[in-house]
Asker: 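Have a look at the structure that comes next, please.
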Amino acid sequence: MSDYIQELNEEQRNAVLYNDGPSLVIAGAGSGKTRVLTYKIAYLIKEKNYDAHNILALTFTNKAAKEIVRRVNKDIGRPWSDYIWMGTFHSVFSRILRREAQFLGFTSSYTIYDAADSRSLLRTLIKEMKLDEKVYKPNVVQVHISNAKNHLVSPEGYANSKEAYEADSAIKMPLIRDIYKRYKDRCCQSDVMDFDDLLFYTFMLFRDHPEVLIRYQDLFRYVLVDEYQDTNYAQHCILLQLMQGKTPQLICAVGDDAQSIYSFRGADVDNILNFTKVYPNTKVFKLEQNYRSTQTIVCAANSLIEKNQRQIRKEVFSEKERGEAIGVYQAYSDVEEADIVVNKIMELRRGQHYAYSDFAILYRTNAQSRIFEEAMRKRGMPYRIYGGLSFYQRKEIKDVIAYFRLVVNPNDEEAFKRIINYPARGIGDTTVGKIIAAATEHNVSLWTVLCEPLTYGLNFNKGIVGKLQAFRDLIAGFIADAAEKNANEVGTDVIRQSGIINDICQDNSPENLSRKENIEELVNGMNDFCAQRLEEGNTHVLLGDFLSEVSLLTDQDSDKEGDDEKITLMTVHAAKGLEFKNVFVVGMEENLFPSGMAGESPRALEEERRLFYVAITRAEEHCFLSYAKSRLRYGKMEFSSSSRFLKDIDVRFLRLPQDAVAFRKADRETGSPLFGRKESGGMRLKQPIIAPTVPRNLKRVTPAVGVSGPASPAGSAASHQVQQGQLIEHERFGLGEVLKVEGEGDNAKATIRFKNAGDKQLLLRFARFKVID
DNA sequence: GCAGCCTACATTTTT
DNA sequence: TGTAGGCTGC
């Protein structure tokens, strides 16, 4: 047996060596899952003499796919890994769909709508149907259609479904079925698929064309699936199709039900929970040794996840050192919470010589990042925030990509609409509206109408005709170009000749400079892509090849500077699959984590708990939990109690905040005891903090004027409008009465008499308080 | 056709 | 706060 197999522990090795039928590898957090996958691929090729192209390995992210490719290359050498069918579900299926497009009425150069494109199309359709946009909100409709596709329900099926109709009627949107139908027709007409279609049509292809299915069944002799807990119904069914009628069914699913956190995108934990029922004779392997975290962290995480009903029981353990208890901090406000975290980071760095990159701050919502950002900026600590607008969602990048899309597929409606008048060329909404109306009426694409407006009853004046003609010639020129030149050359032509670069270089505002940089980055990407393809022996790199790669890429994997010396800030979702020496899970409050959106639904709460589990298990050495009793959310001061999840962790693994300064202070100020309930273990567990109530002895003076100003997802400070005589609650000084207000705008000051802190003059711009009703 | 003002709205987000 | 979309007036 080869050396590399010896490096594995017994259970990992068993999982790698078993290849006689379906297998399910339940891989606990930090248990070496990727290792098993890559070694298995290496083993199949090297020892079992599989041809690389007979192996299909599916992942959920490009990043994971890349990592596996990298490791397989290392283990077995490059020549093999190039031929493995490896990639995300979406990229592998889109490859298949391009080959078999004719079976489905598409061309092989179909383009792909991202979520924004499909929302935009839905908005147009809703308008065309003269429905009320307030009732038929495009994103709500989108979720319904997406769900239907993920459950393999076609527009016809949807229209015939009584339940769907009743459910939609109940939410006052009975016509979703009609929108769905139109949406599908429009996509077909535009030769376009959205993300969900890539799965939906693959299923339909295999279902309606058995001869095609058999071809792929024969091709994919062994199928491996990573992160199986995140598969949705459609993916599950496609895998079933590929396995259908096969003996043995050579499928190996790797995953961890405890880390299923994407149900809002259609992922269904049941797929992994029921795997053994769906594939009879499945051999189950449980990787239970955690190589990442201290025993304390592993035990704490176990005690938490134990509270979930629906799960595959396992005993995750660690043989690393025992480690310190998980620290719990309570802050009075979100600002103080950030201070506590930042101080703790400095303390740990001093004491144990950690690098900044050894720390991660994880939160439930992106909006929470702002306060931590400020705290770190103030102290000059380097940090990096993940999330926010991704590279491919930036306006300038989407604009360029839209040109590419139109060149590859002139029928692409959303791309057409995006650039017909960008940069401005005097073709306004009215003209475009007429084109769309004519196209809809005659069931043709916008491009078809553009080419022959007269044929479709559009009699534009001379000026407009000239402008339309110019646009058409521009695109036609690019199309001709693309037939001969390589993608990067066509790309630079597009950027220059379309006028985009001129538009951006008009002035040197910082925004424009960054836009320019982004476009340069895209050009670099294209050059790299082409260079690589040419190196691989291609003679002509099609623009379409670049486009289909880029359409399925998010910038998750484009961050080259991942290892620089910075503190990491990200949502818990984004942290999945990563690990850090020290992790702070912040905002541990009811309605925030678990999210208020989860309500009391047991399923949703279990997923939130899994999310918390994922957060904790990112930590190798130290883990800290913190919460704030009050925070500004969307401009409003909110008071909340600590998260119910804090009570799910066995107190033996927690260090409760007796000695935290913040804790004592808050305790003193509110007069509410933090320890109350007795736990069975003999230790006292913190009681949830109840929102402070207004003492009766302070009289109310004027009617409330609430904290004014629009709300913000960034969770930043709101402006205040206060009047003399109002009663307020300040984040630090507590209750007070406004004595005087002077100055205006940014300089407005208020003199406030605090119940416990005496008179203070506050610059309203910086003051954080709420006006009490 | 388009700049500029006003209003409504705001989890998480692998593809 | 920030953004997207709608509306208005030039």
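Lettering follows sequence order; numbering is per chain, from 1. Worth saying up front: this structure is predicted, and the values here are computed from it rather than measured.
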Asker: B/dT12 base to A/Arg364 side chain: any donor-acceptor pair below 3.5 Å?
Answerer: yes

Asker: What integer distance in Å separates A/Phe593:CZ from B/dT12:P?
Answerer: 13 Å

Asker: Between B/dG1, B/dT13, C/dG2, which one does the side chain of A/Thr431 approach most closely?
Answerer: B/dG1

Asker: Can you measure A/Ile68 atom CD1 to B/dT14 atom P for me and round it to whole angstrom units?
Answerer: 18 Å

Asker: Quick one: is A/Thr61 getting a side-chain N or O under 4.0 Å of the B/dT13 phosphate, OP1 or OP2?
Answerer: no

Asker: Answer yes or no on whether A/Arg394 is positioned over the face of A/Phe391, meaning its NZ or CZ is under 6.0 Å from the six-membered ring centre and within 45° of the axis.
Answerer: no

Asker: Quick one: is A/Asn139 getting a side-chain N or O under 4.0 Å of the B/dC9 phosphate, OP1 or OP2?
Answerer: no

Asker: Measuring only the P atom in each nucleotide, how far is B/dT12 from C/dA4? A whole number of Å is fine.
Answerer: 15 Å

Asker: Establish, yes or no, whether a centroid distance under 6.0 Å links the rings of A/Tyr262 and A/Phe264.
Answerer: yes

Asker: Would you classify A/Thr59 as touching base, sugar-phosphate or nothing, given that sugar-phosphate means primed atoms plus P, OP1 and OP2, and contacts are heavy atoms under 4.0 Å?
Answerer: nothing

Asker: Determine, stepwise, if the pair A/Thr111 / A/Asp412 fulfils side chain to side chain donor-acceptor pair (under 3.5 Å).
Answerer: CA-CA 7 Å; A/Thr111 39; A/Asp412 188 321; 2.7 Å; yes

Asker: I would like to know whether A/Ser120 and A/Lys417 meet side chain to side chain donor-acceptor pair (under 3.5 Å); could you show each step before the answer?
Answerer: CA-CA 10 Å; A/Ser120 159; A/Lys417 283 195 290 194; 4.5 Å; no

Asker: Are A/Tyr383 and A/Phe372 near enough that their ring centres are under 6.0 Å apart?
Answerer: no

Asker: Taking any heavy-atom pair under 4.0 Å as a contact, classify A/Asp429: base, sugar-phosphate, or nothing.
Answerer: sugar-phosphate

Asker: Using a heavy-atom cut-off of under 4.0 Å over every strand shown, decide if A/Ala424 touches base, sugar-phosphate, or nothing.
Answerer: sugar-phosphate

Asker: Can you classify the ring geometry of A/Phe645 versus A/Phe593 as parallel (below 30°), tilted (30 to 60°) or perpendicular (above 60°)?
Answerer: perpendicular

Asker: What nucleotide among B/dT12, B/dG1, B/dT14 has an atom nearest to a side-chain atom of A/Ile464?
Answerer: B/dG1

Asker: Does B/dT13 have OP1 or OP2 under 4.0 Å away from a side-chain N or O of A/Asn366?
Answerer: yes

Asker: Give one of base, sugar-phosphate or nothing for A/Ser595, where a contact means two heavy atoms less than 4.0 Å apart.
Answerer: base

Asker: On DNA chain B, compare the nucleotides closest to A/Lys576 and A/Ile427; which residue's is nearer the 5' end?
Answerer: A/Ile427

Asker: Enumerate the protein-to-nucleotides 6-10 of chain C contacts in which both atoms are nitrogen or oxygen and the separation is below 3.5 Å.
Answerer:
residue, atom, partner, partner atom, Å
C/dG6, OP1, A/Lys127, NZ, 3.3

Asker: Consider salt bridge (charged side-chain N to carboxylate O under 4.0 Å, His left out). Of A/Glu589, A/Glu608, A/Glu590, which one does A/Arg364 pass it with?
Answerer: A/Glu608

Asker: Does a nitrogen or oxygen in the side chain of A/Thr571 sit under 4.0 Å from OP1 or OP2 of B/dT13?
Answerer: yes

Asker: Could you check which of B/dT12, B/dT13, B/dG1 has an atom nearest any side-chain atom of A/Thr365?
Answerer: B/dT12

Asker: Over all strands shown, is A/Ser120 touching base, sugar-phosphate only, or nothing at heavy-atom distances under 4.0 angstrom?
Answerer: nothing

Asker: For B/dT11, decide between syn and anti, treating a glycosidic angle within 90° of 0 as syn.
Answerer: syn

Asker: Under 4.0 Å, heavy atoms only, any strand: does A/Asn421 hit a base, just the sugar-phosphate, or nothing?
Answerer: sugar-phosphate

Asker: Starting at atom CZ of A/Phe60, determine the distance to atom P of B/dT14, rounded to an integer number of angstrom.
Answerer: 13 Å

